[in-house]
Participant: 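There's a structure below that I have some questions on.
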Number of protein chains: 2
Amino acid sequence: MSSAQSPARKQRADVVRNRAKILEVAQNHFFAGGVGTSLEAVAKDAGVGPGTLYRHFPNRDALLASVLELRRTDLVELGQRLGDLDDTGEALRQWLLAVEDYFSLYIGLSEPHLSAIREQDPNNPLARTCDDLISATSDFLLAAQRDGHAREGILGRDLFLAANSLAWMRSTGAVDEATTVRLRGVLENGYGI
Amino acid sequence: MSSAQSPARKQRADVVRNRAKILEVAQNHFFAGGVGTSLEAVAKDAGVGPGTLYRHFPNRDALLASVLELRRTDLVELGQRLGDLDDTGEALRQWLLAVEDYFSLYIGLSEPHLSAIREQDPNNPLARTCDDLISATSDFLLAAQRDGHAREGILGRDLFLAANSLAWMRSTGAVDEATTVRLRGVLENGYGI
DNA sequence: ACCTGAACACCGTTCAAGT
DNA sequence: ACCTGAACACCGTTCAAGT
């Protein structure tokens, strides 16, 4: 049983090194400058030509997906642990918070994911993340509905989108922590009476 | 009593014509290509050099604000009419819908407005729109709270941001009408029980 | 097989020269 | 007073030439 990261044929050492260096530098640039940061600058900082970056990652979303891979699997694992909670309402709440944190990692991270949802293109490297997270959100919502902790007539996809839009507001920097807390409350309890 | 559009000193005819033409073309480009559309292309389509566009509108947000001016005043007027409704809960709902529609006009319109909120710069040409709309939202919310149609512990600014984020999702095209309706329901009544 | 970096196309923005 | 458009800086992306 071979690991997914190490293919059968051995790779040239510089290829592995370049790829790792690009990912490391890209992570820093995404964090500092947001998702729209200059890929040319990333390549230069990583000490490779732009062609090398594009060879490894054919487009921005591919690079983004690779940079996020570790965080992504962490989130999926957290979802599995939260599935064991007895209070399914609390599990749903905590899950939505985790999704929100994930999409708040870099400025503008929500947008390419919404594009992935719109395009419905399974080749979009961010599509799998969306599919997995929407699916998990559905599970949490269904469990909460079964236990009378969530209303009917809502889809997991809806709550995924809601968490996403909270992350979008947070990452723009226009919304402080207190406002985020209130907005979460509005999502959970509504503004109406 | 002179109209705001016609200053005391008469302007050269070509200046007036250029400005009007730029606004007309920009509106079409914003509609077709979103807020991030190429200003160079707008200038070319309007038959002026890029310098002329920048002379009239020093930056993208200034052009955007001018293009939206008519819609903006329409929205403010609608707010005044809605203020006469007896059912303050219904007035709040309709107002939030109108705000949502406003920010759905062009793809990406929500984002520069959130930036205006973050920057807290009164010179930002979009700041006045945000201030006015937040202020109006507060009035509607307060009235609804007084009549027992809205919960306490929420700010008008919160609901303005919520409407804005709905518009953001709509304008990305990832969210269809049915989903938008459900998300509005979540905002009003919450997903929890 | 992989990398390099020049090259192309495009855009935002400024400003010297025109009228 | 206003307009023009060349010019500069920057970026995404490709691809012929190298190793």
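Each chain gets a letter, A, B and so on, in the order its sequence line appears, and its residues count up from 1. Hydrogens, waters and symmetry mates play no part in the numbers below; they use all other heavy atoms, side chains included. For clarity, every value in this text was computed on a predicted model and none was experimentally measured.
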Participant: What is the separation between atom NZ on Lys21(B) and atom C1' on dC3(D), rounded to the nearest whole Å?
Facilitator: 17 Å
Participant: Distances for protein N/O vs nucleotides 16-19 of chain D N/O pairs under 3.5 angstrom?
Facilitator:
none

Participant: Between atom CG of Leu97(B) and atom CG of Leu92(B), what is the distance when rounded to the nearest 0.5 Å?
Facilitator: 11.0 Å
Participant: Give me the ring orientation class for Tyr106(A) and Phe31(A): parallel if the planes are under 30° apart, tilted from 30 to 60°, perpendicular past 60°.
Facilitator: perpendicular
Participant: Please say which of Thr129(A), Asn59(A), Asp61(A) ends up in a side-chain contact (heavy atoms from CB on, under 4.5 Å) with Asn124(A).
Facilitator: Asp61(A)
Participant: Atom CZ of Arg17(A) and atom P of dA1(C): how far apart are they, to the nearest Å?
Facilitator: 20 Å
Participant: Taking Gly34(A)'s backbone N and O only, do any of them form a donor-acceptor pair with Thr37(A)'s side chain (distance below 3.5 Å, no angle check)?
Facilitator: no
Participant: dC3(C) phosphate, OP1 or OP2: any side-chain N/O from His56(A) under 4.0 angstrom?
Facilitator: yes
Participant: Counting any heavy atom closer than 4.0 Å, what does Asn59(A) reach on the DNA or RNA strands: base, sugar-phosphate only, or nothing?
Facilitator: nothing
Participant: What's the shortest heavy-atom distance between Gly79(B) and Phe140(B), and which atoms?
Facilitator: O-CZ, 3.3 Å
Participant: Taking only residues two or more places apart in sequence or in another chain, which ones pass side-chain contact (heavy atoms from CB on, under 4.5 Å) with Ser104(B)?
Facilitator: Ala167(B), Arg170(B)
Participant: Donor-acceptor pair, Arg60(B) side chain versus Val35(B) backbone, under 3.5 Å?
Facilitator: yes
Participant: Would you mind telling me which of dC11(D), dC3(C), dG12(C) lies closest to the side-chain atoms of Arg60(B)?
Facilitator: dG12(C)
Participant: Mind running a 4.0 Å heavy-atom check of residues 22-38 of chain A against DNA chain C and sending the residues that fall below it, in number order?
Facilitator: none
Participant: Give a yes/no answer on whether the side chain of Asn18(B) brings an N or O atom under 4.0 Å of OP1 or OP2 in dC2(D).
Facilitator: no
Participant: Distance check needed: dA6(C) C1' versus Glu40(A) CD, whole Å only.
Facilitator: 12 Å
Participant: Starting at the 5' end of DNA chain C, write a dot or bracket for each base, bracketing those in Watson-Crick or G-U wobble pairs whose two distances are under 3.5 Å and using | for partners on another strand.
Facilitator: ||.|||||...|||||.||
Participant: What integer distance in Å separates Arg55(A):CZ from dT13(D):C1'?
Facilitator: 14 Å
Participant: Indicate the atoms forming the closest heavy-atom contact of Ala98(B) with Leu78(B), along with that distance.
Facilitator: CB-CD2, 3.5 Å
Participant: A quick test of your reading: do over 12 heavy atoms of other residues, nucleotides or ligands sit less than 6.0 Å from CZ of Arg118(A)?
Facilitator: yes
Participant: How close do Ser165(B) and Ser165(A) get, heavy atom to heavy atom, and via which atoms?
Facilitator: OG-OG, 3.7 Å
Participant: Can you name the nearest heavy-atom pair linking Lys21(B) to Asp45(B), along with the distance?
Facilitator: CE-O, 4.4 Å
Participant: Among residues two or more places apart or on two chains, list those pairs meeting salt bridge (charged side-chain N to carboxylate O under 4.0 Å, His left out) that have a residue in residues 142-158 of chain B.
Facilitator: Arg182(A)-Asp158(B)
Participant: Let me know the distance between CG of Leu53(A) and P of dT4(C), rounded to the nearest Å.
Facilitator: 11 Å
Participant: Please say whether more than 12 non-hydrogen atoms of neighbouring residues, nucleotides or ligands are located less than 6.0 Å from CG in Asp86(A).
Facilitator: no
Participant: Grab the two heavy atoms, one from Val67(A) and one from Ala26(A), that are nearest each other, plus how far apart they are.
Facilitator: CG2-CB, 3.9 Å
Participant: Does any residue of residues 43-52 of chain B have a heavy atom under 4.0 Å from DNA chain C, and if so, which ones, in number order?
Facilitator: Pro50(B), Gly51(B)
Participant: How many Å lie between CG on Leu63(B) and P on dT13(C), as a whole number?
Facilitator: 11 Å
Participant: In this structure, how many angstroms lie between the C1' atom of dT14(D) and the OH atom of Tyr54(A), rounded?
Facilitator: 10 Å
Participant: Looking only at the side chain of Leu39(B) (C-beta and beyond, no hydrogens), which of the listed nucleotides dG12(D), dC2(C), dT13(C) gets closest?
Facilitator: dT13(C)
